[in-house]
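What follows is one structure encoded as structure tokens, with my remarks underneath.
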Amino acid sequence: MEDRGASPRRLWELATRVVPVPWSTPVPQVEEALRTDATLPGVAVRATDGSVHLIGRVALDLRLTGRLGFGRLLLARHHIGELVGGDTLRLDADTDAEVAAQRALDRPEGNRADDVLVTWPDGRVGIARLERLLTHLAGRYADLAHHDPLTGLGNRRVLATDVPRVLAEPDRSVALFLLDLDRFKEINDALGHDAGDELLRHVGDALRRAPLAGATVVRVSGDEFVVVAHDVARLFPDEVAELPVVDQLMWTGRALRTLVHGPFTVGGVRIGVEASVGVACAPEHGRDLSTLLRRADAAMYDAKRHRAGVRVWHDDIAMPLGEDLQILTELRTAVAEGQLRLYYQPQVDGATEQVRAVEALLRWQHPVRGLLPPAAFLPQAEVSDVVVDLTDWVVNEAVAQAAAWLHQGRPVPVSVNVSAACLADDRLVDVITAALTRHGLPAALLTVEVTESLVMTEPVETARRLSAIRELGVRISVDDFGAGYTSLALLAELPIDELKVDRGFITRMDASPAHVAIVAAVAAMAGSLNLTLVGEGIEDLATAHTLRDMGFHLLQGYYFGKPQPPESLSLPIAYADAPIRGPR
């Protein structure tokens, strides 16, 4: 678990101390020293005026290749000082490592391969390799992506990553406790949101201290927390272990309620906290995370409704499961009877703020409940084969609409989202091909979006299927980019054209300089890979300008327009030039 009180890493922690060599040192002597000591990242060179310059291994090789490419025999005639550039980046050893990484990325393109010269107040020097700086920044990027910034606990991504792995282990008994604070809104209203945030931090700290060995503790939403005990057999003291399983789980749920009860001092006021707890256990109540969450959630609401404190899920608390089955049944009817709608959200040119593309977003015009957003039905659809029918409809409808705009003189690129279940089926290529052919739409005007979590789960198989789609001329976009830094190493290998940075990073930029640095670093790396860069979740002009200055090509969010039906969308009559899309 992340220690929110830990100091940020400093540049000296990533640096290797070196002794500068004279300006006149022969190049072969330097190369021999680097061959002899593989740990040396490069050399520091002291000029005749006493100033110190830097040349790393990578930069040295580039300079030798470019300037002395006629044969290694020429090296004996040159001194190392002749190969030193004039743009060495010098940073104090106490510089924040994230700041150092960003400064390195901000250099002109010709210097981005160079390492960083680190200086100490007493005159010592060192070298911080660019590779280590970027690795550190990527690690911080992944850390922020997997942790709740308010409490330091894990977030939904941790839950979705860690728990399924534990559930997959044979003979493992897992207990999931979902805690929801009672009357939290009243605290927010009475003391203000800052006090509410302070209380949530106290609750998070209390849960972090829960005596549950190896438990996963996450904040899943505003005042809702989940604790997953990975081994139920290790939960209880001897006197509790003799009780029936339901009583054991009730005992643990009450212990968690006591743990978060406080009282805590918030805004100078002592506050006691009450919580309702729902419990579900695997394998008794389900064998996958989605089922356990739904059943724990149902149990929690039952506890809240009856002021019971703690409830363990049982068959009589089956309403959410029944609702799921009803939604799936009605969805099949919705596809057949034309109840689905596509709304389109504009993506604007980062430089001109003119509409350049749109994203197709699914809505359900329910005959009783009205217009439903995707969150009301897609989670259920994605665990059923009905998601295949939904995706087929979305692809065909989006292509038909894009073709209609094209015939009106409006060549508007359209993006569609594809689920894991559909991408796992080779027939998706046939579905896209048939839609493009039927409606006469150029493939370049269609973009298929897949989530980063899908790419990371099965990178080899996903890359194969994405390549087949891309061979049609369709563009590939990675949505919600930010799930993990491992994906940075895959970017150059995947058949993709576009990155959509996770809105969680963009919406937090105002409050977190670290998020600004990370988004800027992703922008720089996307630029070096010639990828189109899209920013989502933009709600104000300041954020739009910040992303534009970072080099984002396309901007999307409520500031530029909410998702709208096609007839309400304001689009340019025609483009003076081609739509923004990075070269293939």
Side-chain angles (χ1 to χ4, degrees), residues 340-352 354-362 390-419 422-423 425-450 462-479 494-500 526 529-534 552-556 560-561 563-567 569-584:
L340 301 180
R341 304 285 185 270
L342 277 188
Y343 277 41
Y344 297 87
Q345 187 169 31
Q347 298 174 334
V348 306
D349 186 325
T352 66
Q354 294 180 344
V355 176
R356 289 290 187 174
V358 294
E359 179 181 3
L361 299 167
L362 185 60
L390 291 180
T391 302
D392 288 358
W393 184 88
V394 168
V395 169
N396 188 71
E397 180 69 16
V399 169
Q401 182 59 64
W405 282 327
L406 179 63
H407 297 152
Q408 297 168 8
R410 296 174 169 88
V412 183
V414 176
S415 299
V416 297
N417 295 276
V418 173
S419 71
C422 294
L423 191 62
D425 190 340
D426 285 328
R427 65 180 289 278
L428 182 61
V429 176
D430 296 333
V431 170
I432 294 173
T433 301
L436 294 173
T437 302
R438 182 182 307 117
H439 299 290
L441 183 73
L445 290 178
L446 178 66
T447 296
V448 167
E449 294 187 12
V450 294
T462 299
R464 182 184 71 80
R465 289 195 165 95
L466 291 180
S467 294
I469 295 172
R470 199 167 183 253
E471 286 175 2
L472 301 175
V474 174
R475 302 187 67 80
I476 304 297
S477 175
V478 175
D479 195 11
L494 289 168
I496 61 176
D497 305 279
E498 178 179 285
L499 281 186
K500 299 185 76 173
L529 293 172
N530 208 23
L531 299 175
T532 300
L533 196 60
V534 183
F552 277 68
H553 302 97
L554 296 174
L555 307 177
Q556 180 178 349
F560 297 107
Q564 303 170 53
E567 63 271 14
L569 198 63
S570 176
L571 295 172
I573 294 176
Y575 295 121
D577 52 10
I580 287 188
R581 285 291 190 266
R584 294 183 62 83

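For reference, positions follow the sequence shown, starting with 1.
Side-chain contact between V474 and T447 is absent, with no heavy-atom pair separated by less than 4.5 Å. I469 has its side chain within reach of L423: a pair of non-hydrogen atoms, C-beta onward, lies under 4.5 Å apart. Side-chain contact check for F560 versus V355: every heavy-atom pair is 4.5 Å or farther apart. Inter-residue side-chain proximity for D479 and S415 is flagged as unmet; no heavy-atom pair is nearer than 4.5 Å. A 4.5 Å side-chain heavy-atom check between L494 and I476 finds every atom pair outside the cut-off. In this structure the side chain of R475 reaches within 4.5 angstrom of the side chain of T532, judged on heavy atoms. When side chains are defined from C-beta on, E471 does not count as touching V429, because their heavy atoms never get closer than 4.5 Å. Looking at heavy atoms from C-beta onward, D392 lies in side-chain contact with R427 at the 4.5 angstrom threshold.
For the side-chain hydrogen bond (donor to acceptor under 3.5 Å, both in side chains) test, no residue two or more places apart in sequence or in another chain qualifies with Q401. A402 is linked by a side-chain contact (heavy atoms from CB on, under 4.5 Å) to V414, L441, counting only residues two or more places apart in sequence or in another chain. Not a single ring pair (Phe, Tyr, Trp, His ring centres under 6.0 Å) links F552 to another residue, sequence neighbours left out. Legend: residues meeting side-chain hydrogen bond (donor to acceptor under 3.5 Å, both in side chains) with N396, ordered by chain and number and at least two apart, are R438, H439. For S477, the side-chain hydrogen bond (donor to acceptor under 3.5 Å, both in side chains) test picks out E498, with sequence neighbours left out. Applying the salt bridge (charged side-chain N to carboxylate O under 4.0 Å, His left out) rule to E397 yields no partners; only residues at least two apart in sequence or on another chain are considered.
In plain terms, the two heavy atoms of P495 and A463 that are nearest each other are CG-O, 3.6 Å. Between P442 and L406, the shortest heavy-atom contact is CD-CD2, 3.4 Å. Nearest heavy-atom pair, G561 versus P346, reported as atom, atom and distance to 0.1 Å: O-CD, 4.0 Å.
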Legend entry - V358 vs W405, side chain to side chain contact (heavy atoms under 4.5 Å, CB included): CA-CA, chis, key distance, verdict: CA-CA 12 Å; V358 294; W405 282 327; 3.9 Å; yes
Legend entry - Working for side chain to side chain contact (heavy atoms under 4.5 Å, CB included), residues L436 and V399: CA-CA 7 Å; L436 294 173; V399 169; 4.3 Å; yes
Legend entry - Pair W393-L342, side chain to side chain contact (heavy atoms under 4.5 Å, CB included): steps then yes or no: CA-CA 10 Å; W393 184 88; L342 277 188; 3.7 Å; yes
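To the nearest 0.5 angstrom, L428 atom CG is 7.5 Å from T391 atom OG1. For the atom pair CG of L533 and NE2 of H553, the computed distance is 7.0 Å after rounding to the nearest 0.5 Å. The distance from atom CG of L554 to atom CG of D349, rounded to the nearest 0.5 Å, is 7.0 Å.
Counted by atom type alone, Q347 and Q556 present one or more donor-acceptor pairs between their side chains at under 3.5 Å.
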